[in-house]
Amino acid sequence: MTKGTTSLGKRTSKTHVICRRCGSRAWHIQKGVCGSCGYGKSAKMRRFHWSEKAMRRRTQGTGRMRHMKNMARKAKNGFRETAAPQKCP
């Protein structure tokens, strides 16, 4: 058995494809688990404190923040819903 060029040519099957939750190429086909976000194993996102950079990449504030970007303004006004803004004297 040779362990060089001829063996490398036999590597044609894929073990990992794109994950539908996180979009990285870490979904293991046979296991049915994503190695990056933990999809298929847990409903929670996979995160560990030993990888501080990875936590920083996917933490709150790195996406669109469709809901959270309005919360500071709403909190400033006391979360009012129906009352009109009060006039300045």
Chemist: Nearest 0.5 Å, what's the CZ-SG distance between Arg58 and Cys37?
Modeler: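 Between Arg58 CZ and Cys37 SG, I get 7.0 Å after rounding to 0.5 Å.
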Chemist: Just wondering, do Cys34 and Cys22 contact through their side chains at under 4.5 Å, heavy atoms?
Modeler: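 Answer yes - side chains close enough.
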Chemist: Of the non-hydrogen atoms in Phe48 and Met55, which two are nearest, and what is the gap between them?
Modeler: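 Scanning both residues, the minimum pair turns out to be O-SD, 3.1 Å.
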Chemist: Under a 4.5 Å side-chain heavy-atom rule over Ile, Leu, Val, Met, Phe, Trp and Tyr, are Val17 and Val33 clustered together?
Modeler: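 Hydrophobic grouping puts Val17 apart from Val33.
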Chemist: Can you measure from CD (Glu52) to CZ (Arg47) and round to the nearest 0.5 angstrom?
Modeler: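 So the gap between those two atoms works out to 10.5 Å.
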Chemist: Can Thr15 and Ile29 be said to form a side chain to side chain contact (heavy atoms under 4.5 Å, CB included), step by step?
Modeler: CA-CA 6 Å; Thr15 54; Ile29 300 169; over 6 Å; no
Chemist: Do you know which two heavy atoms are closest between Thr2 and Ser7, and how far apart they sit?
Modeler: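 It is O-OG, 2.6 Å.
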Chemist: Given the rule that I, L, V, M, F, W and Y join up when any side-chain heavy atoms are under 4.5 Å apart, are Trp27 and Ile18 in one cluster?
Modeler: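 The answer is no; the residues belong to distinct hydrophobic clusters.
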Chemist: Tell me whether the count of non-hydrogen atoms from other residues, nucleotides or ligands lying under 6.0 Å of CE in Met45 goes above 12.
Modeler: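 Yes.
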Chemist: Would you find more than 12 non-hydrogen atoms of other residues, nucleotides or ligands less than 6.0 Å from Arg64 atom CZ?
Modeler: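 Not more than 12 within 6.0 Å, no.
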Chemist: Is a side-chain N or O of Arg46 found less than 3.5 angstrom from the main chain of Ser36, in a donor-acceptor match?
Modeler: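 Side chain of Arg46 to backbone of Ser36, a donor-acceptor pair under 3.5 Å: yes, one is there.
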Chemist: Rounded to the nearest 0.5 Å, how far does NE2 of His28 lie from NZ of Lys31?
Modeler: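 It is 5.0 Å, given to the nearest 0.5 Å.
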Chemist: Do side-chain atoms of Thr62 reach the backbone of Thr59 as a donor and acceptor pair under 3.5 angstrom?
Modeler: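 Pair found, side chain donor or acceptor close to backbone of Thr59.
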Chemist: Give a yes or no on whether Arg21 atom CZ has more than 12 heavy-atom contacts from other residues, nucleotides or ligands under 6.0 Å away.
Modeler: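 Result for CZ/Arg21: enclosed.
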Chemist: Kindly give the heavy-atom pair with the smallest separation between Met71 and Phe79, and that separation in Å.
Modeler: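 The answer is CE-CE2, 3.5 Å.
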